[in-house]
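Take a look at the structure below.
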Protein chains: 2
Amino acid sequence: MSNDTEPEEPVGKLEVWCAGKEWCPVTTTSSLICKKWHPVIIHRLLEHGPSGFNELKENVDGISSKVLSDSLEDLGEKQLVDREIISEKPFRVQYSLTPHGESLEEIIYAMQEWGLEHLTEPSEKSSSLV
Amino acid sequence: MSNDTEPEEPVGKLEVWCAGKEWCPVTTTSSLICKKWHPVIIHRLLEHGPSGFNELKENVDGISSKVLSDSLEDLGEKQLVDREIISEKPFRVQYSLTPHGESLEEIIYAMQEWGLEHLTEPSEKSSSLV
DNA sequence: CTGAATCCTAAAGGATACTG
DNA sequence: CAGTATCCTTTAGGATTCAG
């Protein structure tokens, strides 16, 4: 146990299998979060904090219930997102980032900044890149 | 001045369509680079510089020719990677990052650092997360 | 050797409708 | 409110084969 200037990371590292012969942090990180909606979902949870399903669906503008549900399940399995039932009577659920999920903020904000810097909305007439 | 080998962001922003009603930099950035192998390919091009096809295939350990070829084509369409034919006789091609591609390094290295910090290779006995 | 083209299967993702 | 359940289309990706 060396220095501990950083906030406590109580859980251990996530064990993630790698495609190639030698384990690679880029390959494996990519395998965790490089799905179409994952970065956006994580971003919205970072921005708005713990959210209910429909609240999240609102914020992740453009996603369908099915895909949001699937994505959250996947993120749950990967231990990046937690799901908590906060009420049974009016059934309510809350999604939040785990410590590992929170720690993705550097990546997510790097993506956001890059997008702001390098991308733009297509103008009316030009139908460009996907 | 004004010669070909000028980096320095001469090009404008890339026009990228967004799924939701309001354009979002995270959503759109995600749509560009969040494919299984894209971050790794970009990472290897950052690390090793312009590379030939098989050199790249070596470095992107675990990828098949077909998938590498498809991925490079996709990255080419998105103007993140350039393809240059450097020899016809022994047919040789060189792939390199465009200025926009290079500028992804913050994101890619953020992913690398995160992976090193939060992920680990599965131990022998435990078959864990994908 | 170089890389590209085929074939095929497995996922991912979207539209819609419907439950407790 | 918080999802499932279907259905369906598209895409990703792996194995293999082909061509220069």
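All chains are named by letter (A, B, ...) in the order of the sequence lines, taking the proteins before the strands, and each is independently numbered beginning at 1.
What separates CZ of F91(B) from P of dT2(C) is a distance of 13 Å, to the nearest Å. The nearest whole Å value for the distance from the NZ atom in K78(B) to the C1' atom in dT11(D) is 11 Å. Rounded to whole Å, atom P of dG20(C) lies 17 Å from atom CD1 of I85(A). One atom, CG of L72(A), and another, P of dT4(D), lie 10 Å apart when rounded to the nearest Å. Atom CD1 of I63(B) is separated from atom P of dA12(D) by 13 Å (rounded to the nearest Å). With rounding to whole Å, I41(A) atom CD1 is found 12 Å from dG3(D) atom P. Across the protein-nucleic acid pair, L56(B) atom CG and dA4(C) atom P stand 12 Å apart, rounded to whole Å. Rounded to whole angstrom, the span from the CG atom of L68(B) across to the P atom of dA15(D) amounts to 15 Å.
Across all strands, S69(B) comes closer than 4.0 Å only to sugar-phosphate atoms, never to a base (heavy-atom distances). Within the nucleic acid shown, V93(A) comes within 4.0 Å of sugar-phosphate atoms alone, with no base atom in reach, counting heavy atoms only. Within 4.0 Å (heavy atoms only), K57(B) reaches no atom of the nucleic acid at all.
Applying the 4.0 Å criterion to OP1 and OP2 of dG3(D), one finds that Y95(A) has a side-chain N or O inside that range. For the pair K36(A) and dG14(C), the criterion of a side-chain N or O lying under 4.0 Å from OP1 or OP2 is met. Taking only side-chain nitrogens and oxygens, R92(A) never comes nearer than 4.0 Å to OP1 or OP2 of dG20(C). Phosphate contact (OP1/OP2 of dT11(D), side-chain N/O of W37(B), threshold under 4.0 Å): absent. Contact annotation: N54(A) side-chain N/O to dG3(D) OP1/OP2 distance is not under 4.0 Å.
A tilted orientation is assigned to the rings of Y95(A) and F53(A), their planes being inclined by 30° to 60°.
The shortest side-chain heavy-atom distance between H43(A) and S30(B) does not fall under the 4.5 Å cut-off.
Atom CD of E102(A) has more than 12 heavy atoms from other residues, nucleotides or ligands within 6.0 Å.
Summarising the geometry, atom CG belonging to D82(B) is positioned 12.0 Å from atom NE2 belonging to H100(B); distances are rounded to the nearest 0.5 Å.
Mapping K66(B) and A19(B) onto DNA chain C by nearest heavy atom places K66(B) at the nucleotide closer to the 5' end.
Proximity of a side-chain donor or acceptor of S69(B) to a complementary backbone N or O of S65(B) within less than 3.5 Å is not detected.
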